[in-house]
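This report refers to the structure that appears directly beneath it.
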Amino acid sequence: MPRRSGSRRLDGVRSQVGAAEGHVIDELLAGRLGRREFLRRATVLGMSIPLAGGVLAACAGEVPGESPGPAAGPQQAGGTLRNAVNAPTAAIDPTTVADNGGLVTMCQVGEYLSYTDSSPELRPVLAERWAPDDTGRVWTFDIRQGVRFHNGAPLTVADVVATFERLADPANGSNALSVFSGVLSAGATRAQGDTQVVFELDKPTVNFPYLVSSQNYNSMILPASYDPAQFTVDMMGTGPFRFESYTPGVGAAFVANPDYWDPTRPPFLERIELKYYSDMQPQILALQGGEVDVVSGISFSSGRGLLADPNFTALYVPSSYTRHLSMRTDQAPFDDARVRRALALALDRPAALRALLDDKGELGNDSPFAPSQATTDTTVPQRALDLAQARQLLADAGYADGFDATIAAPRTVDIPDLAVTIQNAARDIGMRIELNIMAPNDYYGDATFGASPWLDSQLSLVDYGHRSVPDVVANAALRSDGVWNAAHYRSPQYDALFDEYSSQLDVTRQKEAVGAMQRLLLEDTPIIVPYFLNWLGATANGVQGVNLNPTGQLDLSRASIA
Amino acid sequence: MTTVAVPPGRSDVARLADPPPPPRRLVRRLLRPVVLLLVNLVLLSALVFFGAEVLPGNIGRLLLGRTADQQSVDVLNRELGADRPLVERYLSFMGDLLQGDLGTSLALRQPNSELLGAALLNSLKLAALAFAIVVPLALVGGVVAALRRDTWVDRTIIGVGVALTVLPEFVTGLIAILVLSLGLKLFPVTATPPPGSGALTQIYYLVMPAIPLVVVLFGYLAKLARAGTVTALDSDYHRTAVLKGLPGRVVVSRHVLRNALLPTISVLGTQAGYLIGGLVVVEILFNYRGVGSLIFTAAQAKDIPLLEVGVLTVGVAYMLLTALSDVVAGLLDPRVRVR
């Protein structure tokens, strides 16, 4: 029987892994984990992808498989790839970078401990493997040996420790502080021998490897001697491309690194050019005019024509990039969950997705847990349009005649159109909603409670970027003490479920916690999540291997041009 | 064509008869605009500095994004000096400026002089090319319209010209891109030439962004040139020249054109301010780094030192070019020179 032979073959694997990994293998065999979730869990716990793949192969036929993507044709070496990129809005400093242009620029030279993109698996890069202790509070990472920075200096554990100390220390103004808050404090990262780095966390955090992966884009590994003022002069990293030139506001160029440490992944391209643009429309025109080969991070509204053009290859990447409509749960009339559910039931999500995004996305179910995230419980029923029930809920709450309300929203990409869609939906159940669309800077204000229309308004729309794991958004946007909790949602039950989820090494119980959070959020409906968007890009025909990462990186390490 | 109509007001003879000003009055007359210019610039600087303060958000938050930790925002604001009192920041900025130090961009952490120098040079190149195309076109158009006054030629030139003026630059810019760049593949979409390009290549890259500017300015300038020509044609010196028996071409080139140019030149000075500092849309559409988009991005990031020097540069350029156009007008018109 295949099952028994697979299990026997797995005995060899079991002897190589710890208890937590063994548990994940058991869950796979028991059918409680799909292939995708198994791969994600296994890589989070530090099992290498070949080993995890071996486990899957041993179990072939025993677990539901996923069809592999289309095979790419042979790729040619050499050539220069020209990319349209948003102009960096600030000096490029990996520690503080927050804008897409800066991130796309620095990620051409730098690497992370591990890499994750639209698929939730972690690919080991500068860390070869990692493992938690039994509680998930202490994590040990084995740093890859033989890696050199572009100036020839070897990558050491001291560089890795310095990178994370720099990010976790509040005195440095790092942009990763909000990710590490409550998880990794200054002084908690130390070297163990010459090859290992140990993180002692503030609390058990099962998804910690994501917080030190490319997902946390500020955590690019830099030399211990890093000087922010020097970065745009030499852009020191370990990646497959080396810095050639940088002109603020104009562009940057990189060349293949002949000494790249990974002989299995040498770059195809000889050279990369980034051309900076301050708006999306000129980037699309430049691609159409043959002046660049790649445009990434396109909004659907500006790229509609390009994406339909057969002369170019459109790239669609599923992601957890999304919008939240937060309703003030502490102020009448939205302090009544029936009113919030009524508004959610009035929205025709499939119609909105089709009209605003031409179906390039997935339906949202009023929680931050996206279909593309592996822990999401897909058995939770999808909320759908139900005007009769919505009207009944409003009547039950004492608002049979409707009421007036206002949505505050930033003027960016599809958000104003989404606000109008919600406004029209609300009209069907007697809610009279006015729109207050503002310039993004006005809207976010100081981004603190009491000084931000985003966090203070009765109804507010906001976008959240892609994350492979839901931890950061599920915490900050919905926990009682969350710093982005625009709904002012206070639920001890949610808080307890979130803590259970984030600290639970047991896979089944973690997934149960997520399912429970999803059901609780459907009941309470502090936020309406209409859809998750695809991350969009386009290339000239003949360009292959461009990896659009919805986190914002543009990975050209496997790209080629005919 | 020989209608006699003496314009109201003092005759030219009376103006020419004014006594030349005594030397002290001359000094005062030369100093006055300089003092006025400085007062204007100080007022402008204060207006921008204190006005920008009411823009929402703070630079630390704008640079780090809305999801950054408040502690990081506070650290960055302290590092950039953005947490100091407004008046203190203004006085220190102005103090540095008086010593010739244009300061550093808070967002890009680069010397403002470098950022501004490159952008100003770009803006001047584009403005010069736009002028070089539109001025001859508008003059010829205006003069021809005036010579064919009230015919279909006149109505077509002025009518179409004025109609085009109301088209926003991004509309004409996009049409130009669709037709000339994407359709006929005559010009590049992006106006920034490769580094180290020669003058001709640079001009080639700048033709596209110059088109919407020419379209916006043509109708206005052609109308002025037409009005100037009509006035000159109606004047008694024109009648005299014609009665003297001078050939038509000589009358137009020597008497009419020179007088028709005058109002056009003085208006050009004011348009230069727009061309140097006001081309946000065109610069963004054609991806050209000029002063307009520099000011725009500085305002968005609340990068007040860069915003300040950008706006002051446009102010100075505007005032200098207005003065320059006065000088040119003087060279063309002896009456202005004497006054």
Side-chain angles (χ1 to χ4, degrees), chain A residues 84 87-91 93 96-99 170-181 228-229 232 245 247-251 275-279 281-283 285-292 438-448 451-454 462 464-465 472 476 483-484, chain B residues 55-80 104-110 114-115 118-119 170 173-174 177-178 181-182 185 187-192 195 280-281 283-289 293-294 296-297 299-303:
Chain A
T89 53
D93 170 4
T96 58
V97 79
D99 69 287
N172 290 329
S174 104
N175 209 11
L177 209 55
S178 57
V179 177
F180 286 148
S181 160
T232 50
S245 65
T247 314
V250 177
K275 297 185 178 189
Y276 295 144
Y277 291 81
S278 39
D279 201 12
Q281 198 61 42
Q283 301 185 33
L285 291 167
L287 180 67
Q288 289 174 326
E291 291 167 26
V292 297
M438 291 174 243
N441 290 349
D442 287 292
Y443 179 68
Y444 302 125
D446 285 343
T448 51
S452 165
W454 159 41
V462 78
Y464 282 107
V472 172
V483 288
W484 312 329
Chain B
L55 289 172
N58 57 73
I59 183 159
R61 177 56 73 187
L62 292 176
L63 290 182
L64 291 177
R66 69 167 201 272
T67 56
D69 194 287
Q70 188 59 38
Q71 288 184 76
S72 304
V73 172
D74 294 342
V75 167
L76 187 58
N77 277 332
R78 204 174 316 126
E79 244 175 53
L80 297 174
T104 307
S105 156
L106 299 183
L108 300 170
R109 309 225 182 167
Q110 283 206 306
E114 279 178 24
L115 294 165
F170 69 87
L174 268 178
I177 288 178
L178 291 177
S181 298
L182 300 185
K185 312 236 180 258
F187 295 100
V189 177
T190 305
T192 307
V280 180
V281 174
E283 288 173 11
I284 288 177
L285 182 62
F286 293 95
N287 203 38
Y288 191 65
R289 291 272 291 180
S293 50
L294 187 81
F296 181 66
T297 41
Q300 276 188 321
K302 227 179 166 185
D303 189 348

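Letters go in sequence order (proteins before strands), and every chain restarts at 1.
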Among the options [options], pick out the one with the most heavy-atom pairs lying under 4.5 Å from chain B.
options: A:Ala171, A:Pro88, A:Pro228, A:Ser181; answer: A:Ala171
options: A:Gly173, A:Ala98, A:Gly249; answer: A:Gly173
options: A:Ser178, A:Ala439, A:Ser278; answer: A:Ser178

What is the minimum heavy-atom distance between [X] and [Y], and which atoms define it?
X: B:Val189; Y: A:Gly289; answer: CG2-CA, 4.1 Å
X: B:Arg289; Y: A:Pro248; answer: NH2-O, 4.2 Å
X: B:Arg66; Y: A:Trp484; answer: O-NE1, 4.1 Å
X: A:Tyr276; Y: B:Asn287; answer: O-ND2, 2.8 Å
X: A:Ser174; Y: B:Ser72; answer: O-OG, 2.6 Å
X: A:Gly445; Y: B:Arg61; answer: O-CG, 3.7 Å

Nearest 0.5 angstrom please: [X] [atom1] to [Y] [atom2], how far?
X: B:Ile284; Y: A:Asp279; atom1: CD1; atom2: CG; value: 6.0 Å
X: A:Thr232; Y: B:Gln110; atom1: OG1; atom2: CD; value: 6.5 Å
X: B:Leu63; Y: A:Thr96; atom1: CG; atom2: OG1; value: 8.0 Å
X: B:Leu76; Y: A:Asn172; atom1: CG; atom2: CG; value: 11.5 Å
X: B:Thr190; Y: A:Glu291; atom1: OG1; atom2: CD; value: 4.0 Å

Structural part of [X] lying under 4.5 Å from a heavy atom of chain A:
X: B:Leu174; value: side chain
X: B:Ser181; value: neither
X: B:Leu285; value: both
X: B:Leu108; value: both

Review point. Relative to chain A, which of B:Ser293, B:Ala68, B:Gly60 shows the most heavy atom pairs under 4.5 Å?
Key: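 Highest number of heavy-atom pairs under 4.5 Å: B:Ala68.
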Considering only heavy atoms, which portion of [X] lies under 4.5 Å from any heavy atom of chain B: side chain, backbone, both, or neither?
X: A:Asp93; result: neither
X: A:Thr89; result: backbone
X: A:Tyr444; result: side chain

Review point. Counting heavy atoms not belonging to B:Phe296, are there more than 12 under 6.0 Å from its CZ?
Key: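 It does not: B:Phe296 CZ has 12 such atoms or fewer within range.
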Exercise for review: Give me the one residue out of A:Asn175, A:Leu177, A:Asp99, A:Val97 that meets side-chain contact (heavy atoms from CB on, under 4.5 Å) with B:Leu64.
Suggested key: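 Filter result, single survivor: A:Asn175.
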Review point. Between the main-chain N or O of B:Leu62 and the side-chain N or O of A:Asn441, is there a donor-acceptor pair closer than 3.5 Å?
Key: no
